Amino acid sequence: MQLLEGLTEAQLEAVTTLEGPLLVLAGPGSGKTMVVTRRVAHLVAEGTDPARILALTFTNKAAAQMRERVSALVGDTVTAGMQVSTFHAFCARQLRIWSDAAGVSPNYSIWDTTDQRDAAKQAVADAGMSTSNWPPASVLSTISAAKNRLVDAATFEQEATDFNDRMVAKVYNRYEAILRRNDALDFDDLLRLVARMLLDNPSVSASFQQRWQYILVDEYQDTNHAQFIIASSLAQSHRNICVVGDPDQSIYRWRGADIRNILDFEEHYPEARVVPLGRNFRSTGHIVSAAAGLISCNTSHRHKDLHTQLDDGAPITIRTCLDEHEEAEAIVNHFRAAAAQGRPWKEMAVLYRINSLSRVLEDAFRRADIPHVVARGTAFYERREIKDALAYLRLLLNPNDDIALRRIINVPTRGIGKTTLDRVAAHATATGCRLGEAIRQPSGVPELTDRARKALSRFTEMVDGWREAMTSSLLGLDLADVVSMVLRDSGLEAAMVNTDDGEDRVENLSELVSAAADRPIEPDEEGNLPDLDRQLAHWLESIALVSDSDAIDPESGAVTLMTLHAAKGLEFDVVAVAALEQGVLPHSRSAMDPESLEEERRLCYVGMTRARLDLLMTRAMMRTHRGLRDRTMSSPFLDEIPAAHAQVVMPVEPWQNTASSTPRGPTLFKVGDQVEHPRFGLGRIQRVMARPRGTTATIDFDEYGPRTLLVAQAGLERVGAEYDDTGA
DNA sequence: GTACATAGAATTTTT
DNA sequence: TTCTATGTAC
């Protein structure tokens with residue numbers, strides 16, 4: 001049978017073990033995706049009803065990929081019945097279906113990180129604490145960790161022993177109250193409430209287990225406690241649970257991932273079959289050995305090393321550069337050389353630890369005219385006008401969502417300013433009603449001016465008008481109609497027209513309308529089309545759960561720039577990992593804690609193992625961060641890579657480049673001079689260096705940014721008088 | 001009530 | 001560097 005062809009013994013075992021608990025330990029490049037998809041296809045081919053299969057992943061992209069690959073094997077009529085979903089999307093959907101059992105409104109809002117921070121900030125203030133001593137973001141991360149362990153506010157308060165936890169407990173209580181009052185859930189709630197429901201409600205749990213008889217969990221090493229509870233509850237009776245993962249690729253500890261879930265799988269399921277896939281089919285020998293050498297420095301690394309039967313290939317390159325600009329240039333040149341040998345751009349990627357590094361790299365690729373995309377799927381939905389539009393829609397579904405309400409009640413300005421809102425809010429608090437209700441009764445608030453009352457009434461009429469239009473079967477609106485109606489009536493669109501970048505914004509808004517029109521409409525469990533409210537809820541939900549890695553399009557024909565986290569699960573012919581510096585990779589925030597340092601090492605390992613043929617690792621000796629230029633120290637990880645597999649490249653003539661060391665001789669240029677270049681136009685010299693091929697100057701061009709050129713060949717002209725200030 | 005300016009802070013990764 | 005929050009002028 002075709003499904004079982006060309007597999008190694010281990011892979012075959014993983015594909016054909018259909019019943020009972022199964023742990024697949026899949027090293028990078030070990031054919032994990034192929035094994036998983038064939039196993040699902042095999043399950044269906046053996047007569048399992050696809051509707052009984054539930055596959056859970058971490059990203060939408062992984063879910064889409066799995067659905068696609070299984071379809072390719074068994075046809076999409078079969079996969080249509082299958083549930084392939086991310087944990088969060090699965091939970092979000094189940095909570096709308098089982099809202100009564102879970103104790104939430106079916107129209108609940110999902111609050112994103114910004115909304116959460118606003119709520120936490122308010123909670124800190126309500127608790128009488130100062131937001132400077134208790135930064136909302138840090139309090140939130142403690143709360144998030146508690147939620148992921150299924151510890152609610154009351155339990156957290158009971159268990160809080162030290163001062164810090166006791167203070168956080170006060171915030172946690174109030175934060176939860178705010179969420180509840182607003183019919184809002186944060187990301188952690190989605191998992192937590194489903195886990196709680198499965199634990200506490202036997203009939204719901206039974207119904208879930210009846211419905212899905214085969215559970216598959218991808219990236220199991222990254223599951224947190226809530227996800228563990230969900231997966232094990234689902235498999236409780238039939239124990240048909242297959243988990244796939246690799247402890248060496250666990251990189252989400254900071255988000256509550258508990259590596260013990262995968263390490264202790266055999267304890268939870270003593271009858272489990274364990275299939276290690278350690279042979280790498282992806283990368284050439286030097287790359288595999290370099291990565292294996294690095295990961296062997298982790299004390300948590302217990303499994304057999306990765307190995308390959310492919311050729312050795314080329315050693316990896318470890319390159320030290322002078323600064324981030326030269327680093328970006330080195331990567332560009334490296335990629336250009338690979339392209340000259342016939343490698344397509346889409347088979348190349350630059351990986352970095354922190355998003356802020358993308359800028360310099362992006363500039364370099366743009367200047368070099370190389371097609372490139374930065375993986376930032378959430379960027380579109382973070383634009384102000386889009387967030388505003390979505391807030392209107394959220395409010396339409398959930399009138400109790402104060403954060404949405406406050407965001408748009410005066411956008412565009414309609415005379416409902418801070419004073420008015422404060423008065424209404426004070427009144428609402430005093431009378432114990434919600435803000436959303438209070439603005440509907442402006443006459444009940446004595447402090448308001450007539451003008452403010454009128455403005456509030458107009459706002460209410462507008463929203464009510466939309467609701468009516470939505471429920472009117474006569475109009476027969478679809479979701480895209482609703483979106484454009486809101487954009488038009490709210491004045492959001494019209495207000496854009498006169499702003500400086502108005503055209504782009506109007507375009508973004510119409511893109512949002514197209515997105516509403518193009519979104520897939522899934523029929524519900526009974527095969528009926530959901531009503532407009534439900535469609536809106538599903539759409540907003542899918543938007544809330546978009547991630548950066550969702551934007552990666554393998555067919556785009558461009559170099560991909562992304563974080564190391566976003567790169568998990570992907571592979572490329574040529575990979576550059578940038579900024580291997582102390583404090584960046586490993587990140588400075590991991591320095592205190594040995595376990596975090598190990599996670600940074602795993603992150604580096606994940607990055608290295610993305611490369612099939614060619615791996616470049618770079619670091620800069622100087623780097624500008626938050627506007628400050630600093631010397632850097634090399635990452636300890638570079639020293640842990642076995643020398644036999646790496647070729648080390650150092651800068652040719654470092655440190656002849658300070659302002660005082662202007663070379664003597666025929667050079668007419670020195671640091672700070674304004675010069676003109678025939679192609680790049682005006683710029684200012686930042687640096688002059690003696691290099692083997694002649695004197696070079698690094699010039700910050702007004703139009704093209706910094707470039708390093710050979711003075712003898714560049715045809716530079718000095719412009720204007722000499723300046724005393726160097727402008728730097 | 002609104003728009004602009006200036007001071008100050010900024011946690012890395014993400015559902 | 002870039003964003004945000006707060007204060008000031010209209």
Side-chain angles (χ1 to χ4, degrees), chain A residues 56-63 85-92 110-114 116-118 121 131-132 135-142 144 147-148 185-192 219 222-224 226-227 250-257 324 351-360 375-378 382 384 410-423 449 451-452 455 499 541-551 562-568 579 583-592 596 599-600 602-604 606-607 623-629:
Chain A
L56 294 170
T57 64
F58 275 82
T59 62
N60 298 308
K61 190 169 173 288
S85 179
T86 67
F87 267 103
H88 288 267
F90 172 76
C91 291
I110 299 176
W111 276 359
D112 67 17
T113 316
T114 317
Q116 286 178 49
R117 221 192 38 217
D118 288 352
K121 201 168 156 189
T131 44
S132 46
S138 93
V139 178
L140 265 178
S141 77
T142 310
S144 167
K147 287 190 174 192
N148 286 330
L185 303 181
D186 62 21
F187 293 125
D188 303 316
D189 286 336
L190 299 175
L191 305 174
R192 172 175 146 246
E219 306 284 9
D222 286 328
T223 49
N224 61 32
Q227 287 160 329
S250 162
I251 54 174
Y252 285 103
R253 202 173 77 102
W254 52 275
R255 219 170 69 189
E324 68 268 35
L351 312 181
Y352 37 81
R353 177 66 235 263
I354 47 179
N355 269 313
S356 60
L357 297 180
S358 70
R359 210 196 177 99
V360 178
R376 236 189 261 124
T378 53
E382 278 164 11
R384 201 187 343 139
N410 205 26
V411 176
T413 53
R414 47 172 76 92
I416 308 174
K418 193 175 178 302
T419 324
T420 304
L421 211 53
D422 281 350
R423 284 175 184 158
T449 62
R451 226 171 81 183
T499 55
E541 180 180 295
S542 69
I543 290 170
L545 299 176
V546 173
S547 77
D548 282 348
S549 57
D550 296 334
M562 68 189 131
T563 63
L564 287 159
H565 284 88
K568 195 171 67 161
V584 180
L585 181 63
H587 193 267
S588 50
R589 296 200 59 94
S590 70
M592 296 299 131
S596 300
E599 176 144 313
E600 297 289 309
R602 290 195 290 268
L603 201 46
C604 188
V606 166
R623 186 174 296 280
T624 307
H625 186 54
R626 287 225 281 251
L628 288 174
R629 200 166 173 71

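Below, chains carry the letters A, B, ... as their sequence lines are ordered, and counting in each starts from 1. Below, all heavy atoms of this structure are taken into account, side chains as well, without hydrogens, waters or symmetry copies. Small disclaimer: the values here were computed from a predicted structure and weren't measured.
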Task: dT13(B) versus dT4(C) - spacing of their P atoms, nearest Å - done: 15 Å
TODO: Return yes if a side-chain donor-acceptor contact under 3.5 Å exists between Arg253(A) and Ser596(A), otherwise no.
DONE: yes
TODO: Provide, to the nearest angstrom, the distance between the CD1 atom belonging to Ile110(A) and the C1' atom belonging to dT14(B).
DONE: 14 Å
Open item on the list: I need the NZ-C1' distance between Lys61(A) and dT14(B), as an integer number of Å.
Closed with: 16 Å
TODO: Scan side-chain atoms only and decide if Ser590(A) and Glu599(A) contain a donor-acceptor pair under the 3.5 Å cut-off.
DONE: no
Task: Options dT12(B), dT14(B), dT2(B), nucleotide nearest the side-chain atoms of Thr563(A) - done: dT14(B)
Open item on the list: Check this one for me: any side-chain N or O of Asn355(A) less than 4.0 Å away from OP1 or OP2 of dT12(B)?
Closed with: no
- [ ] Could you state the atom-to-atom distance from CG of Leu628(A) to P of dA9(B) in whole Å?
- [x] 14 Å
Task: Gap between atoms CE and C1', on Met562(A) and dT13(B) respectively (whole Å) - done: 14 Å
TODO: Just call it for Val546(A): base, sugar-phosphate, or nothing, with non-hydrogen atoms closer than 4.0 Å on any strand.
DONE: sugar-phosphate
Open item on the list: How close do Asp112(A) and Thr114(A) get, counting heavy atoms only, and between which atoms?
Closed with: OD1-N, 3.0 Å
Task: Nearest-neighbour nucleotide for the Arg626(A) side chain, dA10(B), dA3(B), dT14(B) considered - done: dA10(B)
Open item on the list: Are dT13(B) and Trp254(A) stacked, with the base six-membered ring and the side-chain ring centres under 5.5 Å apart and planes under 30°?
Closed with: yes
- [ ] Look at the side chain of Glu600(A) and the backbone N and O of Leu585(A), then say whether any donor-acceptor pair between them is shorter than 3.5 Å.
- [x] no
TODO: Would you indicate what Asn60(A) reaches in the nucleic acid, counting non-hydrogen atoms under 4.0 angstrom: base, sugar-phosphate, or nothing?
DONE: nothing
Task: Interatomic distance where CZ belongs to Arg117(A) and P belongs to dC3(C) [whole Å] - done: 13 Å
TODO: Could you tell me the separation between the CG atom of Leu357(A) and the C1' atom of dT1(C), rounded to a whole number of Å?
DONE: 13 Å
- [ ] Describe the nucleic acid contact of Thr420(A) in one word from base, sugar-phosphate, nothing, applying a heavy-atom distance below 4.0 Å.
- [x] sugar-phosphate
Task: Side chain of Thr413(A) - closest among dA3(B), dG1(B), dT12(B) - done: dA3(B)
Task: Pi stacking test for His587(A) and dT12(B): under 5.5 Å apart, planes under 30° - done: yes
Open item on the list: Using whole Å, what does the distance between atom P of nucleotide dC3(C) and atom CZ of Arg384(A) come to?
Closed with: 11 Å
TODO: Report yes if the side chains of Leu357(A) and Val584(A) come closer than 4.5 Å at any heavy-atom pair, otherwise no.
DONE: yes
TODO: Would you classify Asp188(A) as touching base, sugar-phosphate or nothing, given that sugar-phosphate means primed atoms plus P, OP1 and OP2, and contacts are heavy atoms under 4.0 Å?
DONE: nothing
- [ ] Would you indicate what Phe87(A) reaches in the nucleic acid, counting non-hydrogen atoms under 4.0 angstrom: base, sugar-phosphate, or nothing?
- [x] nothing
Open item on the list: Which nucleotide wins on minimum distance to the side chain of Arg255(A), given the candidates dT12(B), dG1(B), dT14(B)?
Closed with: dT14(B)
Task: Basic-acidic side-chain contact under 4.0 Å: Arg192(A), Asp188(A) - done: no
Open item on the list: Regarding Lys121(A), tell me which of base, sugar-phosphate or nothing describes its non-hydrogen contacts under 4.0 Å with the strands shown.
Closed with: sugar-phosphate
